[in-house]
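To start, the structure under review is shown below, and the notes come after it.
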There are 2 protein chains.
Amino acid sequence: MMGRAKIEIKRIENKANRGVTYSKRRKGLIKKAYELSVLCDTDISLLMFSPTGRLTSFSPKQRCYVPSLIISFFFFVIIST
Amino acid sequence: MMGRAKIEIKRIENKANRGVTYSKRRKGLIKKAYELSVLCDTDISLLMFSPTGRLTSFSPKQRCYVPSLIISFFFFVIIST
DNA sequence: CTCACTATTTATAAATA
DNA sequence: TTATTTATAAATAGTGA
């Protein structure tokens, strides 16, 4: 979608490339979520599993801190079932 | 951050502008989350409260559907406390 | 994994209708 | 107001170290 070449939105089969793209886009997504929460004074919670199964939880507003952890727990439990 | 002029990342005080920006950026954030989930074959869950308190829940992968709803419920309950 | 570079695509702020 | 347009800012794909 951006950069040197336009890419199709479909699963990246190469594992290394998938990991690199995940890192880059996760960073971008977290930044966007942060900006939206500040600009619009809203609560946002973002949960992601990396291709290797690592969980990222992001909730920019302070009062989301505890809920985020709790939600992550349920998410993890349920998704792993 | 984008567009005709660079803006500072701080709360938009004008209510109408805040709503417009929320709509635009929510759309962008959901698109980015969708793309990341497809490209990297990951589970993502995104929860947002609009400036007027409306909840948006987004989980692009099918198997996130139920967890998303459950998480939304806990999020709502806890955040409202 | 992480950083930098940068051409190119995408997102969006402001303007316009 | 809501929708569309457009000029510009920002994100990022590919590449290399």
Side-chain angles (χ1 to χ4, degrees), chain A residues 1-62 64-65 68-69 71-73 75-76 79-80, chain B residues 1-62 64 68 71-72 75:
Chain A
M1 300 301 287
M2 298 167 166
R4 292 296 183 85
K6 181 171 179 171
I7 62 164
E8 212 186 328
I9 301 303
K10 65 174 187 181
R11 179 187 152 94
I12 298 168
E13 294 304 334
N14 181 281
K15 192 177 177 179
N17 288 349
R18 194 162 68 245
V20 170
T21 294
Y22 179 79
S23 292
K24 285 185 178 181
R25 281 178 174 258
R26 177 183 61 186
K27 186 181 168 186
L29 195 62
I30 287 174
K31 187 178 179 186
K32 288 287 190 186
Y34 162 75
E35 292 181 354
L36 180 55
S37 77
V38 172
L39 288 170
C40 302
D41 195 21
T42 57
D43 288 307
I44 294 181
S45 183
L46 185 58
L47 301 168
M48 292 172 275
F49 279 95
S50 79
T52 56
R54 256 179 78 175
L55 178 64
T56 296
S57 169
F58 177 71
S59 296
K61 296 198 77 176
Q62 200 74 356
C64 285
Y65 180 63
S68 165
L69 286 180
I71 289 163
S72 299
F73 174 72
F75 189 81
F76 182 75
I79 213 80
S80 301
Chain B
M1 298 298 292
M2 299 168 168
R4 293 295 184 85
K6 181 171 181 173
I7 60 164
E8 213 187 327
I9 302 302
K10 64 175 188 180
R11 180 188 152 95
I12 298 167
E13 295 303 333
N14 182 281
K15 192 177 177 179
N17 289 348
R18 195 163 67 245
V20 168
T21 294
Y22 179 78
S23 293
K24 286 184 179 180
R25 282 178 172 258
R26 178 183 61 187
K27 186 182 169 186
L29 194 62
I30 287 175
K31 186 178 180 188
K32 289 285 189 186
Y34 162 76
E35 292 181 354
L36 181 55
S37 76
V38 172
L39 289 169
C40 303
D41 195 21
T42 56
D43 289 306
I44 294 182
S45 183
L46 186 56
L47 301 169
M48 290 173 276
F49 279 95
S50 78
T52 57
R54 254 179 80 174
L55 178 64
T56 295
S57 169
F58 177 71
S59 297
K61 299 199 75 173
Q62 200 74 354
C64 285
S68 166
I71 289 163
S72 298
F75 189 80

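Lettering follows sequence order; numbering is per chain, from 1.
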[Y] and [X], any side-chain heavy atoms less than 4.5 Å apart:
X      : Y      : result
L39(A) : I7(B)  : yes
D41(A) : I12(B) : no
T52(A) : Y22(A) : no

Given that T21(B) and S23(A) both sit by DNA chain C, which one's nearest nucleotide is further toward the 5' end? S23(A)
Distance check needed: [N] [atom2] versus [X] [atom1], whole Å only.
X      : N       : atom1 : atom2 : result
K31(A) : dA11(C) : NZ    : P     : 15 Å
I12(A) : dA13(D) : CD1   : P     : 7 Å
Y22(A) : dA13(D) : OH    : P     : 15 Å
E35(B) : dA11(C) : CD    : P     : 6 Å
N17(B) : dT2(D)  : CG    : C1'   : 14 Å
I30(B) : dT12(C) : CD1   : P     : 12 Å
L29(A) : dT12(D) : CG    : P     : 8 Å
L39(B) : dA11(D) : CG    : P     : 17 Å

List for me each residue that meets side chain to side chain donor-acceptor pair (under 3.5 Å) alongside R4(B), sequence neighbours excluded, and say none if there are none. none
Could you list the residues that satisfy side chain to side chain donor-acceptor pair (under 3.5 Å) with R18(A), not counting sequence neighbours? none
Run the side-chain contact (heavy atoms from CB on, under 4.5 Å) test on T42(B) and R26(A) for me, step by step, so that the C-alpha distance in whole Å, both residues' side-chain angles and the decisive distance to 0.1 Å come before the verdict. CA-CA 11 Å; T42(B) 56; R26(A) 177 183 61 186; over 6 Å; no
Comparing nearest nucleotides in DNA chain D, the 5'-proximal residue of the pair V20(B), K27(A) is V20(B)
Dot-bracket for DNA chain D, please, read 5' to 3', with Watson-Crick or G-U wobble pairs under 3.5 Å on both distances, ( ) within the strand, [ ] crossing, | other strand, . unpaired. .||||||||||||||||
Nearest-0.5 Å distance that lies between atom [atom1] in [X] and atom [atom2] in [Y]:
X      : Y      : atom1 : atom2 : value
K32(B) : K32(A) : NZ    : NZ    : 6.5 Å
E35(B) : L29(A) : CD    : CG    : 10.0 Å
L36(A) : L46(A) : CG    : CG    : 11.0 Å

Tabulated below should be each protein N or O lying under 3.5 Å from an N or O of nucleotides 14-17 of chain C; please produce it.
from	atom 1	to	atom 2	distance (Å)
dA14(C)	N6	K24(B)	NZ	3.2

Respond yes when some side-chain nitrogen or oxygen of K32(A) is under 4.0 Å from OP1 or OP2 of dA11(C), and no when none is. no
